[in-house]
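Remember, predicted model here, so these are calculated numbers, not experimental data. When a ligand or atom number is given, it counts from 1 through the structure's own listing order. Positions are given from 1, in the same order as the sequence printed here.
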Amino acid sequence: MTVDKGYVDAPIEPGVDLKEEIRRLKKEKGAVILAHYYQKGEIQDLADYIGDSLALAQIASKLKESVIVLCGVNFMGETAKMLCPDKTVLIPDLSAGCSLADSCPADEFEAFIKANPGHTVISYVNTSAKVKALTDVVVTSSNARQIVESFPADTPIIFGPDRNLGNYINSTTGRSMKLWDGACHVHEEFSVEKLIELKRLHPQAKVLVHPECKRQIVILADKVGSTAALLKYAVESDAMEFIVATESGILHEMQKRCPDKVFIPAAPNDSTCACNDCSYMKLNSLEKLYNTLKYMAPEVTVDPATAERGRKPIERMLEISEKLGL
Ligand code: 13P
Ligand code: SF4
């Protein structure tokens with residue numbers, strides 16, 4: 001058995017009922033499975049908890065189980081590990097990165113902070129542990145606007161790494177935060193022309209957009225929000241059709257919660273595919289999850305000094321969110 005490729009590369013006995021075995025191993029190992037809404041549907045269905053980035057961090061901080069299997073991408077595993085340093089945090093594929101987190105190398109972000117002294121540093125949760133360690137308060141797409149607004153209006157703020165989310169918050173709050181120039185390859189890719197065409201074909205449909213999308217997409221939205229906020233809107237809305245401009249994994253839970261409603265994925269620019277998958281999120285599979293539980297690997301580790309510094313801004317986010325009832 002090796003984890004050289006980022007996941008446990010061990011043969012699986014023929015005929016194994018993976019779903020059944022994952023449930024059994026989870027009990028045997030005292031583990032809890034957390035999954036992000038962008039995971040494959042079959043993984044979301046096996047999870048004890050599904051949620052957006054904020055919910056996963058909130059849940060991780062309160063768990064009593066000593067083993068957390070985080071089905072998501074690496075920064076989510078690191079966030080759980082920093083919040084729960086004494087727990088074992090496993091992830092089915094350690095190479096599940098994030099293009100947005102990668103667009104903000106810690107050394108370059110540190111130089112940006114030094115070049116702009118006197119600024120409060122607010123970082124999106126989609127960042128490495130090292131970037132979090134340079135940060136005053138972490139935010140997610142569920143609480144970013146409210147956390148920015150919790151600072152006095154004249155507070156000079158650096159916001160990183162997502163320029164689209166940063167621009168969206170600047171435009172909705174009237175702030176002029178200094179933005180790091182990063183982006184997510186999945187959300188940047190949505191085609192304005194294809195979205196306009198989908199709206200023409202489905203004139204009754206409400207358009208749901210994640211704030212990591214470009215402004216040209218955001219301005220076409222009926223609702224802009226985190227995955228959890230878009231899901232809540234879909235559940236509570238009287239509308240029966242929705243065009244969804246975020247990673248297509250969210251459609252699984254939307255369809256499950258609203259079996260009579262129609263969800264249409266918005267399409268990316270350069271693709272014949274009608275939907276938009278995050279290749280990192282989709283690296284996790286039932287096979288990898290099974291081997292993760294069986295061999296208790298691969299484990300997420302964060303160097304203790306970085307974890308100590310990075311935990312504070314995450315805890316600050318959780319405290320502010322609790323006060324704000326988020
Ligand atoms: P949420 O904060 O909505 O979970 O989004 C996470 C993410 O990776 C968006 O691309
Ligand atoms: Fe990162 Fe984008 Fe994938 Fe979210 S969808 S994990 S921001 S690459």
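- The protein heavy atom nearest to atom 6 (C) of ligand 1 is S53 OG, 3.3 Å.
- Atom 5 (O) of ligand 1 has its nearest heavy-atom neighbour, among E247, H210, M281, H185, in H210.
- Inspection of the environment of atom 3 (Fe) of ligand 2 yields the following protein N, O or S atoms under 2.8 Å: C278 SG.
- Checked against the 6.0 Å centroid criterion, the rings of Y280 and H185 qualify as a close aromatic pair.
- Of the candidates D136, I158, V139, V139 is the only one forming a side-chain contact (heavy atoms from CB on, under 4.5 Å) with I122.
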Margin query: Run the salt bridge (charged side-chain N to carboxylate O under 4.0 Å, His left out) test on E197 and R200 for me, step by step, so that the C-alpha distance in whole Å, both residues' side-chain angles and the decisive distance to 0.1 Å come before the verdict.
Written below: CA-CA 5 Å; E197 178 59 8; R200 193 185 64 76; 2.8 Å; yes
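- Remark: the E247 side chain and the N276 side chain contain no N/O donor-acceptor pair separated by less than 3.5 Å.
- In L100, neither the side chain nor the backbone holds a heavy atom less than 4.0 Å from any atom of ligand 1.
- Atoms of ligand 1 lying under 4.0 Å from at least one heavy atom of S226, given by number and element, are 3 (O).
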Check: Step by step, would you call S226 with S142 a side chain to side chain donor-acceptor pair (under 3.5 Å)?
Finding: CA-CA 5 Å; S226 69; S142 266; 2.9 Å; yes
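- For the pair L134/R309, no side-chain contact is recorded, criterion being any heavy-atom separation below 4.5 Å from C-beta on.
- With no hydrogens or angles considered, a side-chain donor-acceptor pair links S248 and D277 at under 3.5 Å.
- Side-chain rings of W180 and F159 stay apart, their centers remaining 6.0 Å or farther from each other.
- Among the atoms of S142, none of the N or O lies under 3.5 angstrom from an N or O of ligand 1.
- Atom NE2 of H36 is separated from atom CD1 of I250 by 7.5 Å, given to the nearest 0.5 angstrom.
- Each of V138, L326, N143, L83 was checked for a side-chain contact (heavy atoms from CB on, under 4.5 Å) with L318, and the lone residue meeting it is L83.
- Residue-level proximity to ligand 1 for H36 is carried by the side chain, the only part with a heavy atom below 4.0 angstrom.
- Judged by the 6.0 Å distance and 45° axis criteria, K288 is positioned over the aromatic ring of Y7.
- The residue among T246, L165, T227 with a heavy atom at the shortest distance from atom 3 (O) of ligand 1 is T227.
- The shortest side-chain heavy-atom distance between L100 and F75 does not fall under the 4.5 Å cut-off.
- Of all protein heavy atoms, the one closest to atom 8 (O) of ligand 1 is N126 ND2, 3.2 Å.
- Shortest contact from atom 9 (C) of ligand 1 to any protein heavy atom: E212 OE2, 2.9 Å.
- Ligand 2 lies within reach of E212, whose nearest heavy atom is under 4.0 Å from it.
- Shortest contact from atom 2 (O) of ligand 1 to any protein heavy atom: S141 OG, 2.8 Å.
- At a 4.0 Å cut-off, at least one heavy atom of Y38 sits close enough to ligand 1 to count as contact.
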